[in-house]
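In what follows, a structure is listed as structure tokens, so that the remarks can point back to it.
Everything numeric here is computed off the predicted structure, so don't read it as measured data. Within every chain, numbering begins at 1; the chains are lettered A, B, ... in the order of the sequence lines, protein sequences first and strands thereafter.
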Number of protein chains: 2
Amino acid sequence: MNIIDESGILAISTRLQRLSEQLRKDGALFYKSYGIDFEPKWFPVIYTLHHKEVLSVVEIANEIGYTHPSTISLLKELEKQKLIRSKKDKIDERKRLIQLTAKGQELIEQMKPVWDVMKKVLGDIADNQNNLLQAINEAENKILHQSFLQRALQLKSEEIK
Amino acid sequence: MNIIDESGILAISTRLQRLSEQLRKDGALFYKSYGIDFEPKWFPVIYTLHHKEVLSVVEIANEIGYTHPSTISLLKELEKQKLIRSKKDKIDERKRLIQLTAKGQELIEQMKPVWDVMKKVLGDIADNQNNLLQAINEAENKILHQSFLQRALQLKSEEIK
DNA sequence: TTTATTTATGTATTTAACTACGTAGTTTTG
DNA sequence: CAAAACTACGTAGTTAAATACATAAATAAA
């Protein structure tokens, strides 16, 4: 499939999605191999709460980099699993403060060694002649500085001259 | 957001998805700047048919690397846009043969210069100290050779020893 | 101190992919 | 050549994210 060599925009994005989906599925299976019932998608919330203890919905959303509706649906799942609980903020009644349950904290302790293995393996997969994580960082930074669209429009106008 | 440094599995996949979504949206806007009404997601099908001329549904799915149901829905959109048309294969009545319409072919000619610009910009964004495309290739190859799960399970069993 | 604006949360809908399943032709095999 | 297996296509339903919209509480401004 050399579509990418010929034009790219779509190809790169679908390949990135594939790669990520594969990693996600394998991640779930790997947890299972430890007898742990944990979905990779829950990780960012759990991990954030592990370090920050108590946060509101929007604060979590910002931490994990998702929109708040997406975050809410994750929180619902985690609440169903009894890994987190929430209570109203007494100072600001609009806020729902989220924190880990005891069960959630215990689970984290169980998962820590699993995360270590995952981290190593992921590092190994990403570490090649061209390091994937660094490549992503570098590409993200370039786009942050000037978006794909801005760059394309600029090149277009230069060519017209 | 240093989640990735601490554990990774989810973080890498969501970041990849973000990056790809951004590129996709900007791609659509860039087409629009040329007055072309074309969605980046249509590209693989159109591009494939540009080179192969006539293909069945499943053949296209294989070429673009999507499942056939996904491909069918793309084909429906493209048929609605009158960019492709289809006819039954007279030899194998199960098959639907797809090809570009005249309108589709004209559109491709209009898009070619746009693709050139996109290719350059994408190349520029991806080409850093660590080349993103090559990094993706290398990571994909590693996984192809031995999956994330296999690697993780192996490391796990080594550590138990 | 009303009124307007902003912030926090939640719901509904959309999108783009997937898997699972069903049906109808085609090919292989006993 | 009839039965079994396979292939091609299509539909239905699921998932994980997003947007868009709605409401309520808090804050700022007139």
query = C:dG25 P sits how many Å from B:Lys88 NZ, rounded?
reply = 7 Å

task = On DNA chain D, check which nucleotide each of A:Thr67 and A:Glu93 is closest to and give me the residue with the more 5' one.
result = A:Thr67

query = Are A:Gln22 and B:Ser147 close enough that a side-chain donor and a side-chain acceptor fall under 3.5 Å?
reply = no

request  = Classify the nucleic acid contact of B:Ile91 as base, sugar-phosphate or nothing, counting any heavy atom under 4.0 Å across all strands shown.
outcome  = sugar-phosphate

task = Would you mind classifying the nucleic acid contact of A:Leu97 as base, sugar-phosphate or nothing, using non-hydrogen atoms under 4.0 angstrom?
result = nothing

key: Touch class at under 4.0 angstrom, heavy-atom based, for B:Ser73 against every strand present   = nothing

inquiry  = Rounded to whole Å, please give me the gap between NE2 in B:His68 and C1' in C:dC18.
reply    = 12 Å

Spacing between A:Lys41 atom NZ and D:dA17 atom C1', to the nearest angstrom = 10 Å

ask   = Whole Å only: how far is the NZ atom of B:Lys25 from the C1' atom of C:dT14?
value = 12 Å

key: Donor-acceptor under 3.5 Å (A:Glu59 side chain, A:Ser56 main chain)   = yes

Upstream residue (5' side of DNA chain D) when A:Leu74 and B:Ile72 are each assigned their closest nucleotide = B:Ile72

query = Base, sugar-phosphate, or nothing for B:Lys76, non-hydrogen atoms under 4.0 angstrom?
reply = sugar-phosphate

query = Taking atom P of C:dA16 as reference, at what distance in whole Å does atom CD1 of B:Ile64 sit?
reply = 13 Å

task = Have a look at B:Glu79 and tell me which of B:Lys87, B:Arg96, B:Lys103 forms a salt bridge (charged side-chain N to carboxylate O under 4.0 Å, His left out) with it.
result = B:Arg96

query = Could A:Lys32 and A:Asp37 be called an ion pair, given the rule that one side-chain N must be under 4.0 Å from one carboxylate O?
reply = no

task = Between D:dG10, D:dA8, C:dT9, spot the one nearest the side chain of B:Val57, thanks.
result = D:dG10

inquiry  = I need the single residue from B:Phe38, B:Trp42, B:Phe43 that forms a ring-ring contact (aromatic ring centres under 6.0 Å, His included) with B:Tyr31. Which is it?
reply    = B:Phe38

key: Length of the CD-C1' vector between A:Glu59 and C:dT7, whole Å   = 12 Å

query = What nucleotide among C:dA17, D:dA25, C:dT26 has an atom nearest to a side-chain atom of A:Arg94?
reply = D:dA25

query = So which nucleotide from C:dC18, D:dA17, D:dA16 ends up closest to the side chain of A:Ser70?
reply = D:dA17

message = In this structure, how many angstroms lie between the P atom of D:dA17 and the CZ atom of B:Arg24, rounded?
response = 15 Å

query = Rounded to whole angstrom units, what separation is found between the OH atom of B:Tyr66 and the P atom of D:dG10?
reply = 19 Å

